[in-house]
Amino acid sequence: MSLLMNYEDQRFTRIAQMVFEEQLRRDPGLESQMDERRRKMMYDDVVYNLSFLMTSVYFSDGRIFEGYARWLYELLCNLMKDLDRDRIMEIMTGHYRIMSEILADHAPEILTGDELGKAAEYLDLAIAVTTEAVTDIELSTSFSEGDYYDIRKAYLDALLRSRTKNAHEIIRDARKQGVPLEHLYEKILRKVMHEIGELWHRNVITVDREHYATSVTQTVMSGFFDEIFESPRKNRTLIACAVGSELHEMGIRMLSDMFEYQGWDTFYLGAALPGQAVVEAIGEHKPDLVALSVTMPPYLSSCEGVVKAIRAAHPGVKIAVGGQAFDTTDELWKKWDIDFYSPSAGELLRWAHKTFAA
């Protein structure tokens, strides 16, 4: 087994070149993501990967290559920040499958049958550990605390692994098992989306992954519309929107759905709506409550302007504000002419129930 100890052997470099070329052939998108520097690094990595695999085979110790595959995946995630963890997993698991196929077809004259069997086994281990590593990430304490952690984690894992159908099934099954709709929104979907945002801020996932998770969650929520709109009416009206140029509208949309489910007639105005348009919508719909959301601190001043405009034009309407932007302030909302600040949709619902109980 001289090949295992001599990685300059032409037979070894020929196999490395075949693996490299086959991976680019099967994954045209990968080639488009590679500049010359990355191509050279990728070929060097193929040689290095084969050397670790052959060492593992030589000593009949699968843990050598399994541990290396786990380390390599995290290294690539740190080096290739422009690619998503799921995408890097696809690249590497595809790479290990190609290695297995090419070794089986072109290495019998170099490796014994037993050695080829071990190589295939250890490559399967690498595929498994790399697939698991996509979701093996450090999560915030707030995400791990509270009820429904197992459901939250399963849903988060599905989003990180691009398993859209599975994500829908997890939430549908939770509802069928009796999880209240308010809890699905507040304790599962909201917390998962907050964690997705945190992972993006930490550069653990790409912005593409954040957008994908948002899109899937919006679709999941739309699956409950029939149930939401069947609720008996309470003759109360809510206008809800994200102000200024704010595009992070998931939280305020969840709040609007939860009020609708509680029997309110809601007008969800979306995001990036000018302040004057909010004032005009209030004049048209005559709401009992206006809820304004801000996620990014730079838009706090826009929210303040909208609050002032509403107070000037409609002094009798109740105003509530909320959103992550307020988390970074020194209770800024206390300086504004509002009726309630709420860190969550649930708290605002409880306040509204007491305030408008009559």
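A heavy-atom distance below 4.5 Å is not found between the side chains of Val129 and Trp71. Side-chain contact check for Phe224 versus Arg175: some heavy-atom pair is nearer than 4.5 Å. Side-chain atoms of Leu289 and Phe259, non-hydrogen and from C-beta on, do get closer than 4.5 Å to each other. By the 4.5 Å heavy-atom criterion applied to side chains, Thr135 and Lys153 are counted as neighbours. Side chains of Phe20 and Met18 form no contact here, defined as non-hydrogen atoms less than 4.5 Å apart. Within the 4.5 Å cutoff, the side chain of Phe143 has no heavy atoms near those of the His194 side chain. Put simply, the side chain of Tyr122 does not reach to within 4.5 Å of the side chain of Ser100, judged on heavy atoms. Side-chain contact between Leu50 and Ile15 is present, with heavy atoms from C-beta onward closer than 4.5 Å.
A salt bridge links Glu169 to Lys165: at least one charged side-chain nitrogen sits closer than 4.0 Å to a carboxylate oxygen. A salt bridge links Glu22 with Arg26: the distance from a Lys NZ or Arg NE/NH1/NH2 to an Asp or Glu carboxylate oxygen falls below 4.0 Å. Ionic pairing of Arg87 and Asp27 is present here: one or more N-O contacts between side-chain nitrogen and carboxylate oxygen are shorter than 4.0 angstrom.
Going from atom CG of Asp82 over to atom CG of Asp208 covers 10.0 Å, rounded to the nearest 0.5 Å. With values rounded to the nearest 0.5 angstrom, Leu103 atom CG is found 11.5 Å from Ile98 atom CD1. Here the NE2 atom belonging to His183 is positioned 13.0 Å from the CG atom belonging to Leu189, to the nearest 0.5 angstrom. Atom NE2 of residue His285 and atom CG of residue Leu238 lie 11.5 Å apart, to the nearest 0.5 angstrom. Between Arg350 atom CZ and Leu348 atom CG the span is 10.0 Å, to the nearest 0.5 Å. Arg209 CZ to Asp86 CG: the interatomic distance, rounded to the nearest 0.5 Å, is 4.5 Å.
Looking at Asp288, its side chain does come within 3.5 Å of a backbone N or O of Thr237 through a donor-acceptor pair. Without hydrogens or angle criteria, Thr217 side chain to Thr214 main chain gives no donor-acceptor distance under 3.5 Å. In terms of modelled atom types and a separation under 3.5 Å, the side chain of Arg85 and the main chain of Ile205 share no donor-acceptor contact. Without hydrogens or angle criteria, Asp339 side chain to Ile319 main chain gives a donor-acceptor distance under 3.5 Å. Put simply, the side chain of Glu115 gets close to the backbone of Thr112: a donor and an acceptor are under 3.5 Å apart. Not one N or O on the side chain of Lys187 forms a donor-acceptor pair closer than 3.5 Å with the backbone of Arg152. Side chain of Thr131 to backbone of Ile127: a donor-acceptor contact under 3.5 angstrom is found. Remark: side-chain polar atoms of Arg97 are not paired, donor with acceptor, to backbone N or O of Leu123 under 3.5 angstrom. Of the possible polar contacts, none joining the Arg190 side chain to the Leu184 backbone as a donor-acceptor pair under 3.5 Å is found. Distance alone, capped at 3.5 Å, places no donor-acceptor pair between the Glu210 side chain and the His201 backbone.
The two residues Val279 and His314 make their nearest non-hydrogen contact at O-NE2, 3.1 Å. Contact detail for Val317 and Pro287: the closest heavy-atom pair is CG2-O, 3.5 Å. The two residues Gly346 and Met258 come nearest to each other via the heavy atoms N-CE, 4.4 Å. Here the closest heavy-atom approach between residue Ala119 and residue Leu53 is recorded as O-CD1, 4.0 Å. Nearest heavy atom pair, residue Gln23 against residue Gly94, reads NE2-C, 4.2 Å. In this structure, Ala133 and Tyr73 approach most closely via the heavy-atom pair CB-CD2, 3.5 Å.
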Next on the checklist: Applying side chain to side chain contact (heavy atoms under 4.5 Å, CB included) to Arg161 and Met89, what does each step give before you reach the verdict?
Outcome noted: CA-CA 9 Å; Arg161 290 177 174 171; Met89 180 273 290; 5.5 Å; no
Next on the checklist: For a ring pair (Phe, Tyr, Trp, His ring centres under 6.0 Å) check, start with the C-alpha distance between Trp336 and Phe326, then their side-chain angles and the critical distance, and finish with the verdict.
Outcome noted: CA-CA 12 Å; Trp336 294 6; Phe326 289 98; 5.5 Å; yes
Checklist entry - Would Ile188 and Ile170 satisfy side chain to side chain contact (heavy atoms under 4.5 Å, CB included), going step by step from the backbone distance to the final call? => result CA-CA 11 Å; Ile188 298 174; Ile170 289 166; over 6 Å; no
Checklist entry - Can Ser293 and Val243 be said to form a side chain to side chain contact (heavy atoms under 4.5 Å, CB included), step by step? => result CA-CA 7 Å; Ser293 174; Val243 300; over 6 Å; no
Next on the checklist: Determine whether Tyr212 and Asp84 satisfy the following criterion, side chain to side chain contact (heavy atoms under 4.5 Å, CB included), listing intermediate values before the conclusion.
Outcome noted: CA-CA 11 Å; Tyr212 162 79; Asp84 187 76; over 6 Å; no
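Heavy atoms from other residues, nucleotides or ligands lying under 6.0 Å from NZ of Lys308 number 12 at most. Residue-environment remark: OH (Tyr48) stays at or below the threshold of 12 foreign heavy atoms within 6.0 Å. Other residues, nucleotides and ligands contribute more than 12 heavy atoms inside 6.0 Å of the CG atom of Asp327.
Using a 30° and 60° split on the angle between ring planes, Phe356 and Trp351 fall in the perpendicular class, above 60°.
Listed by first and then second residue, the side-chain hydrogen bond (donor to acceptor under 3.5 Å, both in side chains) pairs that reach into residues 253-263 are Glu182-Gln262, Tyr185-Asp257, Arg233-Glu260, Ser256-Thr266, Glu260-Thr266, sequence neighbours excluded.
Note on Met41: it does not cluster hydrophobically with Met92, by side-chain heavy-atom contacts below 4.5 Å among ILVMFWY residues.
Ser56 and Arg63 are not linked by any side-chain donor-acceptor pair at a separation below 3.5 angstrom, with hydrogens and angles left out of the test. In this structure, a donor-acceptor pair under 3.5 Å is present between the side chains of His95 and Asn49.
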